[in-house]
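Since this is a predicted model, take the numbers as computed values, not measurements. Labels below follow one simple rule: chain letters A, B, ... track the order of the sequence lines, proteins then strands, and each chain is numbered from 1.
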Amino acid sequence: MNSTTSLGGAPIALPYESYVVQLLGWNIPAEHIELVHPHWRGYETPSKFWHFGFAFMYFCIMVMSCLGNGIVLWIFGTTKSLRTPSNMFVVNQALLDMLMMIEMPLFVLNSLFYQRPIGWEVGCDIYALLGSVSGIGSAINNAAIAYDRYRTIAFPLDGRLQFGHAMAFILGTWVWAMPFSLLPLLRVWGRYVPEGFLTTCSFDYLTDDEDTRVFTASIFVWSYAFPLCLIIFFYCKLFNQVRFHEKMLKDQARKMNVKSLQTNQDAEQKSVEIRIAKVAFTIFFLFLCSWTPYATVAMIGAFGNRALLTPMSTMIPALTAKIVSCIDPWIYAINHPRFRGELLRRAPWFGVKEINPSDVGSVTTDRTTTTGTTESVSA
Amino acid sequence: MFPFVLLAYVVAVKVFKKTTPNGKVTVYLGKRDFIDHLDHIDPIDGIIVVDNDYLKGRKIYGQVTTTYRYGREEDEVMGLKFSKEMILAKEQIVPPKEKSELTPIQEKLMKKLGPNAFPFTFHFPQNAPCSVTLQPGESDTGKPLGVEYCVKTFVAEGEDDRVHKRSSIALAIKKLQYAPPTRGIRLPSSLISKGFTFSQGKLNLEVTLDREIYYHGEKVGANVIITNNSRKSVRNIKVYVVQHCEVTMVNAQYSRHVAGMETREGCPITPGASFSKVFYLVPLASSNKDRYGIALDGYLKDDDVNLASSTLVADGKGPAESIGIVISYSVRVKLNCGTLGGELVTDVPFKLLHPAPGTAEREKANALKKMKSIERSRYESSRYATDDEDNIVFEDFARLRLNEPE
């Protein structure tokens, strides 16, 4: 307000002087003011167009997520041959993502009409609970998928999980999501509060006491660091196994005097190792993209320089976490050859092109009559 | 009609044939089972017949491929395939590149099939693994696991040209091993004893088999002698025939009981007592139906299923050099000494094989088989095109059950 100084000497009331700057939380009445951490009340309210912008993005994500996960649940639910133990994890992933999808209409309402959490504490709790269960659940479910794939690939003969085991693992993912979802809900440890534009809710990482800091550190390890470590561990082991199998097969081919032959078909196909590494890296990278921003925000809030946590910088991580929930079905299910086949059969309008499976079939190697050739077997 | 068919069966040479979908090219093979005699393997010899003026400058190529499938198709994830195909031999058949010596069956067929017939001969590589099929589980739908062989021919301009299905043929063949002509006189046996903590004396178990090599369908006799010098007693005796299956492609191995029995006869065998008895077990594929992972000799039709034969290794080569799926068998005897005493287990290895042609035992088995095939021919005689001139029976090659969904 110091712009009111010397303008032709006389203090003139400029038009914007009458404009009172609204700080975040202005629309929260006194009885609910507890909800909003003082940190947020230091920032101006964002323009309503920011609210509309986010509402629009969430709406798009909601539609995408509904479509992707809906198709996954529809196809898996109605195709008996696809109901293998491994695929149950994919179904679980879709369920968890659908759960996250449910919170989006709440957000859209919040942004468009209220610019605050509807339903005050209760609304906030529901919103945050959905996000927490689905977020932690899908993180650990990603790790479970990694484990299942490792078993399947490392021990193709007898490694696959039995149905009962898979179900136990799936139940485990839900149980895993519970402690850090229910404790804040019941206000036992931590609590759910609005954050950012005060239109989303999550656990409290700002309150300046030891309780909150330990809570934040624990949830960081429980729902981010631990699943991430498992994912890295299992995909690394899986990759090593694939390399080992490839080596065994090459050795055997060599014993029979069969040498790898670079046919056209072969050149188009990348080596198995590279293909596997790509898929594994995609999944790892997606997980990193989805949860690292949020984990960073929470850790900064609890232990770092809070000045960095502007309302905008906390809205973006929440958005990335949601975007991934609509990409997941594409990564897990639509990359699944048999699922794709079924989808193509049921919904040819969907535009999924199936590559002729016999062409992708197997890496062809050819026999050479020259023994003791110095030419090395191509990797 | 009936006596004639019977006659044809006794003297005729059976030939398998298959024609391309467009009907222009036909392949004839003298047999589908090729035997690995350890020092050499039967060559794959056949004849290909082409319609006049069909090729128009194109060529016919032939190849022998082996497919390793070491994981279920429905378990394939992340773009990985649990199967590998290798081309073991590849050659141009028509026009023939070089004149090779004809085998008797080729000569016979060449004479019969006229000027449009061309011979071809392929050889298995020396170390090629035997055909083995791992029995799929009840709910499995995809291709069965194992080692398969296939002869393929296709018409193309050049070796790497596009292959059309309508002018291609794929014939599934098997590579098998037979028992050596003599069974040997060595009787495998195992002697083992077990001491117990906190008590003196030992429990001795001796198991001796009545042969080293058994033929499929024969009963395996295991003479079990138990001498109990310990203070524990034996509660019961279990005897199994165990099939050991080593899948070298993924460096995995597992064992399955293919026959077994449990008895309390003579039990409890108290301290100081001894017991001796011969147990008989018959390992059969038919008693292990629908059990996932049981290894069978590669099979093409449901009526010739038998348990996989033991893998034989040529002299001077270690078993470590074997590739593919390596099969071995043992008789396993387990003595149960109660919860505290634990178990005493021993394995006695033996071999399970088909008798080599010409073996005395073979004749007996053949007589039985011939009876069966005569029986069968009563019903199937219409399927064979018999020819009384030189007694060649043509049988349509079993549709490739495994490779061609069509």
Side-chain angles (χ1 to χ4, degrees), chain A residues 81-82 84-87 145 148-149 151-160 235 238 241-242 244-246 248-261 263-265 269-270 272 275-280 282-283 332 335-338 357-358 360-367 369, chain B residues 63-91 122-129 134 137 139-142 145 147 159-162 165 245 247-254 256 292-293 321-325 403-405:
Chain A
S81 64
L82 279 174
T84 64
S86 298
N87 288 347
I145 289 175
D148 175 63
R149 288 182 163 182
R151 292 265 314 215
T152 309
I153 287 178
F155 316 105
L157 290 162
D158 45 8
R160 82 165 162 188
Y235 280 117
L238 184 155
Q241 280 291 338
V242 170
F244 175 69
H245 290 173
E246 288 295 300
M248 292 290 285
L249 283 161
K250 290 229 168 76
D251 284 353
Q252 301 196 7
R254 198 161 29 215
K255 276 186 198 166
M256 283 195 286
N257 275 333
V258 176
K259 182 179 76 81
S260 281
L261 178 87
T263 61
N264 294 336
Q265 185 193 339
Q269 266 183 39
K270 300 192 184 64
V272 182
R275 228 177 323 153
I276 295 292
K278 264 169 124 178
V279 177
T282 310
I283 287 164
Y332 283 119
N335 264 331
H336 190 301
R338 304 209 319 141
S358 66
V360 223
S362 41
V363 179
T364 311
T365 44
D366 203 339
R367 186 179 179 209
T369 39
Chain B
Q63 61 186 33
V64 179
T65 61
T66 176
T67 308
Y68 286 6
R69 175 159 277 284
Y70 50 90
R72 275 170 286 218
E73 222 174 353
E74 60 255 47
D75 289 347
E76 289 173 346
V77 280
M78 300 175 76
L80 186 78
K81 296 283 169 193
F82 286 143
S83 77
K84 279 274 184 301
E85 188 176 88
M86 290 180 233
I87 299 171
L88 301 176
K90 193 173 188 178
E91 238 167 67
F122 292 111
H123 297 275
F124 284 100
Q126 202 41 249
N127 287 317
L134 301 182
S139 60
D140 292 343
T141 49
L145 277 56
V147 175
E159 205 170 331
D160 297 322
D161 203 25
R162 230 186 92 80
K165 209 161 189 177
C245 184
V247 183
T248 63
M249 295 84 101
V250 287
N251 202 23
Q253 44 196 339
Y254 62 86
R256 293 269 195 280
Y292 170 69
E321 282 177 65
S322 322
I323 52 181
I325 297 179
N403 299 348
E404 277 192 331

- Heavy atoms only: give me the nearest A:Leu249-B:Tyr68 pair and the separation to one decimal.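 Looks like CD2-CD2, 3.5 Å.
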- Looking only at heavy atoms, the pair that brings A:Gln252 and B:Thr248 closest together is NE2-OG1, 2.7 Å
- Item | Heavy-atom contact with chain A under 4.5 Å, split by part of B:Tyr70 | both
- Message: Is B:Thr65 in contact with chain A via its backbone, its side chain, both, or neither, using a 4.5 Å heavy-atom distance?
- Response: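 No part of it gets close to chain A.
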- Message: How long is the straight-line distance from CG of B:Asn127 back to CZ of A:Arg254, given to the nearest 0.5 Å?
- Response: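 These two atoms lie 13.0 Å from each other.
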- Query: Do B:Val250 and A:Phe244 have side chains that get closer than 4.5 Å, going by heavy atoms?
  - Reply: no
- Message: Could you tell me if the side chain of B:Lys84 sits less than 4.5 Å from the side chain of A:Lys250, heavy atoms only?
- Response: no
- Message: Can you list everything that forms a side chain to side chain donor-acceptor pair (under 3.5 Å) with B:Arg256? Sequence neighbours excluded, please.
- Response: none
- Select, from A:Pro156, A:Ala280, A:Ser86, the one with the greatest count of heavy-atom pairs under 4.5 Å involving chain B.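 It is A:Pro156.
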- Relative to chain B, which of A:Leu238, A:Leu157, A:Val279 shows the most heavy atom pairs under 4.5 Å?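 Going by pairs under 4.5 Å, I would pick A:Leu157.
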- Options B:Val64, B:Val247, B:Asn251, B:Thr66, ranked by heavy-atom pairs under 4.5 Å with chain A, top entry: B:Asn251
- Item | ring-ring contact (aromatic ring centres under 6.0 Å, His included) involving A:Tyr235 - partner list, sequence neighbours excluded |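 With sequence neighbours excluded, A:Tyr235 shows a ring-ring contact (aromatic ring centres under 6.0 Å, His included) to no residue whatsoever.
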